[in-house]
Amino acid sequence: MEVVDTGRRRFSIEAKQRIVEESYCCGDPVTVVARRHGLFPGQLFGWRRMARQGALGALNPKMANTGLLRL
């Protein structure tokens, strides 16, 4: 994560991928995973949608086998 002058945080693609994977695998609700990382749930839901559309690049291949992601 990077903090820029405006006070906004920027997450790397790798950080977004890791958080999205955690939101599918850990069994916790998305809201809990989001709060754990200092995110709003809507932001994490947006990243999950981007992952389904392939906009976050390739996620962990094990995720494809769960049936949770349509890759």
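None of these values were measured; they are calculated from a predicted model.
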Same apolar cluster (I L V M F W Y, side chains within < 4.5 Å links), Val32/Phe11 | no
Under the salt bridge (Lys or Arg N to Asp or Glu O under 4.0 Å) test, which residues partner Arg18, sequence neighbours left out?
-> none
Distance, nearest 0.5 Å, that separates CZ of Arg48 from CD of Glu21 = 12.0 Å
Smallest separation among heavy atoms of Arg52 and Tyr24, with atom names = NH1-OH, 3.5 Å
Donor-acceptor contact below 3.5 Å, side chain Arg9 vs main chain Gly38 | yes
Leu56 and Trp47: which non-hydrogen atoms are nearest, and at how many Å?
-> CD1-O, 3.5 Å
Salt bridge (charged side-chain N to carboxylate O under 4.0 Å, His left out) pairs, two or more places apart, involving residues 31-45 | Glu22-Arg36, Asp28-Arg36
For Arg49, side chain to side chain donor-acceptor pair (under 3.5 Å) partners two or more places apart = none
Determine the minimum heavy-atom distance between Ala34 and Leu44, stating which atoms define it.
-> N-CD2, 3.8 Å
Specify the closest pair of heavy atoms between Pro41 and Val30, including all atoms of both residues, with the distance to one decimal.
-> O-CG1, 4.5 Å
